[in-house]
2 protein chains.
Amino acid sequence: MAGKSNANSGEPKWLNPREMAAWRSYIIASRRLLEAMELDLENHDLSMADYEVLAQLSDAPGRRLRMSELAEIAMISKSRLSHRMKVMEAAGWVRREECTEDKRGYFAVMTDKGWKAIVKAAPDHVNSVRNRLVDHLTSKDQEDLSKIFNRVTDKLRDQFIEEGASIKK
Amino acid sequence: MAGKSNANSGEPKWLNPREMAAWRSYIIASRRLLEAMELDLENHDLSMADYEVLAQLSDAPGRRLRMSELAEIAMISKSRLSHRMKVMEAAGWVRREECTEDKRGYFAVMTDKGWKAIVKAAPDHVNSVRNRLVDHLTSKDQEDLSKIFNRVTDKLRDQFIEEGASIKK
DNA sequence: GAGAAGTAATTCAACTTTCAACTAAATCGT
DNA sequence: ACGATTTAGTTGAAAGTTGAATTACTTCTC
């Protein structure tokens, strides 16, 4: 971990053909997949990010969540959530409620109209997940995929902690 | 394929736990992975998309490609490429050259400076691919991944052709 | 070879996302 | 209990992206 931050130490270790194939097929498929799924959701005037926000809200107790928590579990920035909430509020899908315990805070609350919107979109979205990905995988593939990508997420979390720590130090 | 375009026919077939786990672990990891890798590239003032554009250019004969072809293989829209080219041109990494055989067309040409920039960024990027993904996979995992995602891309292409055809009809 | 249709690339306008700055409230340390 | 710091959330400006419209050229068809 010496030297310039993130610099390559020594000669780089290039990818062998197997590694390269894995990386390329992953990166190409993931782009195309996302593209196709965004397109599928457009029929419901939703992006994947907005869908995720509404889905998380609809799962939450009382269909309400603090802004920060919602941003975190929907994996978008607080700023971005603020902006999207404004749009979704205008669409009548959500509203904001003050938090009495912490007067800095707000709850994002899903409206009936928002609930109807997500209930309408969900079957098509599940279909999209199937048609574009899941139905092309055997049970074994599905298990492999879970295992691999859970590991990736775990490692990223570890790295995030390490890097965060080294910045603090 | 009857009824409203893309509408759910009958009751939706929800994901079982195995399918849901595969989907969730994939979508979460892919978001985080992309995020981490974009961050890694920021040290070189590059986004993944810009890196891909430069990488494709650097691989091309004469380090030059027609705009349309570059957009296609870098998997971005022509419009987006035009905008990015303006930025990268200002940075001195690329320049545009008129195409004499087809006067509507232009070549994107990588400059020496651009070449130096990508040569400098490449080792770190490979490192990023390794640290964030490839090195956490066994050879078997890598092969599984290739197989699965090549299949996904193939199916997406088939679907794209079908859907394209049905719009034309 | 003239007009219709198609293609290459850019541009414009609308929209989205990011980043930094900001407000206001809570918490911490002494 | 007071100032300092942290946290919740929003905002505004800048940058990025998209899709439709536009321009300039090419190709096709008769």
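Every chain is numbered from 1 and lettered A, B, ... according to where its sequence line falls, protein lines coming before strand lines.
The interatomic distance linking B:Met48 (CE) with C:dT17 (C1') rounds to 18 Å, in whole Å. As a whole-Å value, the separation of B:Leu39 CG from C:dT18 P is 12 Å. One can place CD of B:Glu97 at 13 Å from P of C:dT10, the figure rounded to the nearest angstrom. One interatomic measurement links the two molecules: NZ of B:Lys78 to C1' of D:dT17, which rounds to 17 Å at whole-angstrom precision. Atom-to-atom, CZ of B:Phe107 to C1' of C:dA8 comes out at 12 Å; the value is rounded to the nearest Å. Rounded to whole Å, the distance from CE on B:Met88 to P on D:dA15 is 17 Å. Separating the CD1 atom of A:Ile76 from the P atom of D:dG9 is a distance of 13 Å, rounded to the nearest angstrom. A straight line from CD of A:Glu38 to C1' of D:dT17 spans 12 Å, rounded to a whole angstrom.
At a threshold of 4.5 Å between non-hydrogen side-chain atoms, the residues A:Ile27 and A:Arg24 count as touching. Under the 4.5 Å side-chain criterion, counting only non-hydrogen atoms from C-beta, B:Tyr26 is in contact with A:Ser30. Looking only at side-chain heavy atoms (C-beta outward), B:Lys103 and B:Glu98 stay at 4.5 Å or farther from each other. A:Val126 places none of its side-chain heavy atoms less than 4.5 Å from the side chain of B:Lys13.
Heavy atoms from other residues, nucleotides or ligands lying under 6.0 Å from CD of B:Glu72 number 12 at most.
Ionic pairing of B:Asp154 and B:Arg157 is present here: one or more N-O contacts between side-chain nitrogen and carboxylate oxygen are shorter than 4.0 angstrom.
For the 3.5 Å distance criterion, the side chains of A:His44 and A:Asp124 qualify, holding a donor opposite an acceptor.
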Quick one: side chains of residues 53-62 of chain B, donor-acceptor pairs under 3.5 Å with protein atoms, not counting sequence neighbours, listed by atom name and distance.
| from | atom 1 | to | atom 2 | distance (Å) |
| --- | --- | --- | --- | --- |
| B:Gln56 | NE2 | B:Glu52 | OE2 | 2.9 |
| B:Ser58 | OG | B:Leu54 | O | 3.4 |
| B:Ser58 | OG | B:Ala55 | O | 2.8 |

What side-chain donor-acceptor pairs closer than 3.5 Å can you find for residues 85-93 of chain B, not counting sequence neighbours?
| from | atom 1 | to | atom 2 | distance (Å) |
| --- | --- | --- | --- | --- |
| B:Glu89 | OE1 | B:Arg96 | NE | 3.4 |
| B:Glu89 | OE1 | B:Arg96 | NH2 | 2.8 |
| B:Glu89 | OE2 | B:Arg96 | N | 3.2 |

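Only A:Arg66, A:Met67, A:Ser68, listed by number, bring a heavy atom of residues 51-75 of chain A to less than 4.0 angstrom from any atom of DNA chain D.
Separating the OH atom in A:Tyr51 from the CG atom in A:Leu41 is a distance of 7.5 Å, to the nearest 0.5 Å.
Under the side-chain contact (heavy atoms from CB on, under 4.5 Å) criterion, B:Thr138 pairs with B:Lys140, B:Asp141, not counting sequence neighbours.
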Taking only nitrogen or oxygen atoms into account, show me every contact under 3.5 Å that the protein makes with nucleotides 12-15 of chain C, one pair per line with its distance.
| from | atom 1 | to | atom 2 | distance (Å) |
| --- | --- | --- | --- | --- |
| C:dC12 | N4 | B:His83 | NE2 | 3.3 |

Could you list the protein-to-nucleotides 25-28 of chain C atom pairs, N/O on both sides, closer than 3.5 Å?
| from | atom 1 | to | atom 2 | distance (Å) |
| --- | --- | --- | --- | --- |
| C:dA26 | OP1 | A:Lys103 | N | 3.2 |

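OP1 or OP2 of D:dT10 has at least one side-chain nitrogen or oxygen of A:Arg96 nearer than 4.0 Å. Between C:dT16 and A:Lys86, no contact under 4.0 Å exists linking OP1 or OP2 to a side-chain N or O.
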